[in-house]
Amino acid sequence: MAKKKKTFRPKARTPKGLRDIGASTVRAEQMMLARIRDVYELYGFEPLETSAFEYADALGKFLPDADRPNEGVFSFQDDDDQWLSLRYDLTAPLARFVAENYDGLAKPYRRYQTGPVWRNEKPGPGRYRQFTQFDADTIAAPTVAADAEMCMMAADCLEALGIPRGDYVMRVNNRKVLDGVLETAGVVGEGPEFEVQHLTVMRAIDKLDRLGPDGVRRLLGKGRKDESGDYTEGAHLEEAQIDRIIAFTQCGQTDRIAVCDAMAELVGESEVGAEGVAELREIDALITACAYGPERIAFDPAVVRGLGYYTGPVFEAELTFEAETDEGVTRFGSVGGGGRYDNLIERFKGVKVPATGFSIGVSRLYSALEALGKLNQDEVIAPVVVLVMDKDQLPGYQLMVRELRNEGIRAELYLGGSGMKAQVKYADKRNSPIVVIEGGNEREAGEVTLKDLILGSQLSSQIEDNAEWRESQPAQLAVPRAELIKGVKDMLARHFDMSHVDARHR
RNA sequence: GCCGUCUUAGCUCAGUUGGUUAGAGCGCUAGAUUGUGGAUCUAGAGGUCCCCUGUUCGAUUCAGGGAGACGGUACCA
C-alpha cells in the first residue's frame, strides 16, 4: 500500500506514571495544603525549600535491597560527571541541609516542607512516579516528647481537614520493641546475611493486614507462593520463633498501657526491647496528658514502616472509614507516616543527631477527602467575559475589563478570533457567569448589554423554538455604559455571596 | 521484577478469512441566524490501524521482538 508522505509528529502524551492536574483539583489541593501548613505552623515549625535534585551521594540509599540496588531513583550526570538524583523524599535533603548548616541552626531545628518527589517505580492505581509529600521534622531532639508531638500534630491535621474523629487513627509502634522481640526469639546476628533476614521479617509483618497471620507465617518460614504463581522467599525462621513474632503482632488492643504490658512480657530480658517499651510508656503519658485517647492515637505492634532508617518510635496515619469510589468500596488505609531516625545525619557529621519526623502523602489524602466530600472545589467564580463585537473597538472593550478587574471581579477580554456565537459558547464552557455585550446598537444608545449565563442556562431547559428563544433575549439586561460595574455586581449577587470580593478592595 | 489481558479518530468502539479510498456514535470547527449558550439541519477538520523486523506481489490483519495501558503479585527510602 502506498503510504502518504507524512511529516513526523511527536505523540502528545504524558510519560508513564506522570499526570496533569486540572484547575479544580489544583485549587482544592492547595486549600488542603494550606490547612496542613496552618497546623504545622501552629506547632512552631518553620518552612524550608530545597531543590528538586541533589548529588546522588548526598541523598544516599537507605534501603539495603539486595535485588535491585540502583533502582527507584531518577539520576543523571552533570557536565563534570558527578551524579545527580531527583529527590525521592523530603527527609534525605533535610539531612543534607541540616548537616551543611548545622552550626547556624537553632536546635532543636523544626521545619516543614512540601513539594513533589520522584520515584522510578512501576506506577499503579493511585501511585505515580511523581507525587507530593508534606513533611514536618524535628532535628536534634533526643527525647520521645518530639515523637509524641508528631503523633498529636498528625491527628490535628486530619481533623483540620474535616476527617471526623473515629474515621482515622494514628498507629504507633517502636522499632526497639520489635528488635527486642526478635532478640528474645533468637533472631540475632551480624553482617549482610542477617540484615536481609531482618528485612524479610519486617516486610512479612508489614503484610499482616493483607495476608493475615497465616500468610505472614509462611513468609517468616520457608516462603509463600501467590495466586499468580510468583514465589516469595521466606525468612527461614523456626516454628518457635515464628510463634513468638506472630504473638507479638497480635498483642495490640485498645488500651495503650495494656499493649505496653503485653510488649514488656514478649520482650523478656532484651535491653533494647525494654528501652522501647519504656519509650512507648512515656509517649502514652504525654499524649494522655493532652487528652488524646486511643481512638485517636493507638499502640499497634503490627506497624513496621518501610524500615530504611528508622531507629525508634514509628507511626502511621490510617483512615479507617470505607468509601464508595469508582472501583466500589475502598479503604484508604495509610495516608502518612514517620518515625525516629537517629543516625541519618550521622552520615555527614560523624556524630549522632537524633531526629524524628512525619510525612503526609498528599495525593492519597486528597482522594480520601474527595470521597468524603470534604473538598469544596468550585468556589472560584469564573471570569466575566467581555465579547468582541467590533474588532475596531478593542480599546473600549479592554477598558471595560480593566474597570471590572479594578473592582476585584475576575474578567477577561475574548481573545479568540471567532464570531459572537462561538464567543458566547466559549463563555458558557468556561462557566462564566456573565458576558458583556457592546455592539453598534448599544454603543449608539450609550449602553452595554449584560447577559446572565447562569439564569439563561436555567431558562434554556424550557426552550421550544430556537428563533423565539433568541428573539426574547432571555436573562439579558441593558444598562448605561457608566453603570457597567454596578450592573455586573448586581447580577453576580443574584448567584453568589459577593462579600469577599468587596472586602478585598476596602 | 514475575504472571495474565489488551493497544484502530480527541473519547467509546466496529471492521478487514491478507487486497484499491479503514468506518460509526459522541466530541470538535464552521455555516444556516450582521448579534446570542440548548435542539435541528448542512459542511469540514481529525488516522504512521502502538513501534521495529520478518513472511508475502501486497501487512492495520500473519510470525518474532519491543513499547505502552490495565489487572494480580513483589518492591515501596
Side-chain angles (χ1 to χ4, degrees), chain A residues 1-17 59-68 71-73 85 87-93 95 117 119-125 127 129 131 133 199 203 206-207 210-211 215 219 223-233 305-310 327 334 337-339 341 344 359 361 385 387-390 416-432 435 437-442 449 451-467 469-476:
Chain A
M1 186 169 72
K3 283 181 183 171
K4 277 187 283 182
K5 273 187 188 163
K6 283 271 171 184
T7 50
F8 169 76
R9 294 216 176 86
K11 187 159 180 128
R13 65 210 171 118
T14 46
K16 174 175 73 160
L59 286 184
K61 286 206 314 277
F62 305 101
L63 179 71
D65 188 335
D67 316 330
R68 286 170 280 164
E71 290 219 354
V73 182
S85 296
R87 65 184 180 203
Y88 52 81
D89 70 7
L90 297 174
T91 312
V117 302
R119 293 185 191 176
N120 191 5
E121 294 169 332
K122 180 189 156 186
R127 274 185 59 174
R129 290 154 95 203
F131 56 96
Q133 294 192 324
L199 206 61
R203 286 175 183 166
D206 204 30
K207 291 191 183 61
R210 197 155 43 81
L211 302 179
L219 283 173
R224 171 180 177 271
K225 196 194 286 191
D226 62 56
E227 302 102 47
S228 69
D230 203 7
Y231 184 75
T232 312
E233 187 67 27
R305 298 285 307 159
L307 288 244
Y309 40 60
Y310 293 121
E327 327 284 84
S334 171
Y341 49 97
L344 197 52
S359 174
V385 175
L387 301 194
V388 176
M389 304 298 288
D390 305 296
S418 301
M420 180 179 184
K421 178 171 174 145
Q423 297 189 35
V424 177
K425 229 170 165 173
Y426 163 79
D428 182 46
K429 204 163 191 172
R430 291 275 269 126
N431 257 323
S432 178
V435 291
I437 306 166
E438 190 209 49
N441 303 346
E442 284 88 354
T449 297
K451 186 178 177 69
D452 185 334
L453 292 184
I454 296 170
L455 183 59
S457 150
Q458 288 159 9
L459 295 176
S460 76
S461 59
Q462 302 151 21
I463 303 174
E464 304 224 336
D465 176 71
N466 188 252
W469 153 248
R470 280 169 195 226
E471 260 167 51
S472 68
Q473 302 196 332
Q476 289 189 198

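Keep in mind the model is a prediction, meaning the values are calculated, not measured.
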Considering only atom [atom1], compute the distance from [N] to [M] and round it to an integer number of Å.
N      : M      : atom1 : answer
G35(B) : A24(B) : P     : 31 Å
A77(B) : G72(B) : C1'   : 25 Å
U20(B) : A67(B) : P     : 33 Å
C11(B) : G47(B) : C1'   : 14 Å
A9(B)  : A14(B) : C1'   : 13 Å
C76(B) : U5(B)  : C1'   : 25 Å
G54(B) : A59(B) : C1'   : 11 Å
G27(B) : C13(B) : C1'   : 14 Å

Can you find a side chain N or O atom of [X] that sits less than 4.0 Å from OP1 or OP2 on [N]?
X         : N      : value
Arg210(A) : A74(B) : yes
Ser418(A) : A30(B) : yes
Arg305(A) : C76(B) : no

Rounded to whole Å, how long is the line connecting atom [atom1] of [X] with atom [atom2] of [N]?
X         : N      : atom1 : atom2 : answer
Leu199(A) : A77(B) : CG    : P     : 10 Å
Lys16(A)  : C50(B) : NZ    : C1'   : 15 Å
Tyr310(A) : A77(B) : OH    : C1'   : 8 Å
Tyr426(A) : A30(B) : OH    : P     : 14 Å
Arg203(A) : A77(B) : CZ    : C1'   : 11 Å

Paired stems touching RNA chain B, three or more consecutive Watson-Crick or G-U pairs with both distances under 3.5 Å?
B:1-7 with B:67-73, B:10-13 with B:23-26, B:28-32 with B:40-44, B:50-54 with B:62-66
Sort me out a list of protein N/O and nucleotides 35-37 of chain B N/O pairs below 3.5 Å, or just none if empty.
unit_1	atom_1	unit_2	atom_2	d
G35(B)	O6	Gly440(A)	N	3.2
G35(B)	O6	Asn441(A)	N	3.0
G35(B)	O6	Asn441(A)	ND2	3.4
G35(B)	O6	Glu442(A)	OE1	3.1
G35(B)	N1	Glu442(A)	OE1	2.9
G35(B)	N1	Glu442(A)	OE2	3.2
G35(B)	N2	Glu442(A)	OE2	3.0
U36(B)	O2	Lys451(A)	NZ	2.8
U36(B)	O2	Gln476(A)	OE1	2.8
U36(B)	N3	Gln476(A)	OE1	2.3
U36(B)	N3	Gln476(A)	NE2	3.3
U36(B)	O4	Gln473(A)	NE2	3.1
U36(B)	O4	Gln476(A)	NE2	3.1
G37(B)	OP1	Lys421(A)	NZ	3.4
G37(B)	OP1	Arg470(A)	NH2	2.8
G37(B)	OP2	Trp469(A)	NE1	3.4
G37(B)	N7	Lys451(A)	NZ	3.4
G37(B)	O6	Asp452(A)	O	3.3
G37(B)	O6	Leu453(A)	O	3.4
G37(B)	N1	Leu453(A)	O	2.5
G37(B)	N2	Asp428(A)	OD1	2.5
G37(B)	N2	Leu453(A)	O	3.2
G37(B)	N3	Asp428(A)	OD1	3.1

Residues in side chain to side chain contact (heavy atoms under 4.5 Å, CB included) contact with [X], at least two apart in sequence or another chain:
X         : result
Lys207(A) : Arg203(A), Arg210(A), Leu211(A), Leu219(A)
Ala95(A)  : Leu344(A), Ile345(A), Phe348(A)
Gln133(A) : Asp89(A), Leu90(A), Val117(A), Arg119(A), Phe131(A), Asp135(A), Ser359(A)
Ser457(A) : none

Could you verify whether a donor N or O on one side chain and an acceptor N or O on the other, from Thr449(A) and Glu442(A), lie under 3.5 Å apart?
yes
Do you know which two heavy atoms are closest between [X] and [Y], and how far apart they sit?
X         : Y         : result
Ser418(A) : Gln423(A) : O-NE2, 3.1 Å
Ser432(A) : Leu453(A) : O-CD1, 3.3 Å
Pro93(A)  : Arg87(A)  : CG-CB, 4.0 Å
Ser85(A)  : Val73(A)  : CB-CG1, 3.5 Å

Audit row: Met389(A), Glu438(A), side-chain contact (heavy atoms from CB on, under 4.5 Å) steps and yes/no:
CA-CA 7 Å; Met389(A) 304 298 288; Glu438(A) 190 209 49; 5.6 Å; no
Does any N or O donor sit under 3.5 Å from an N or O acceptor when you compare the side chain of Lys122(A) with the base of G72(B)?
yes
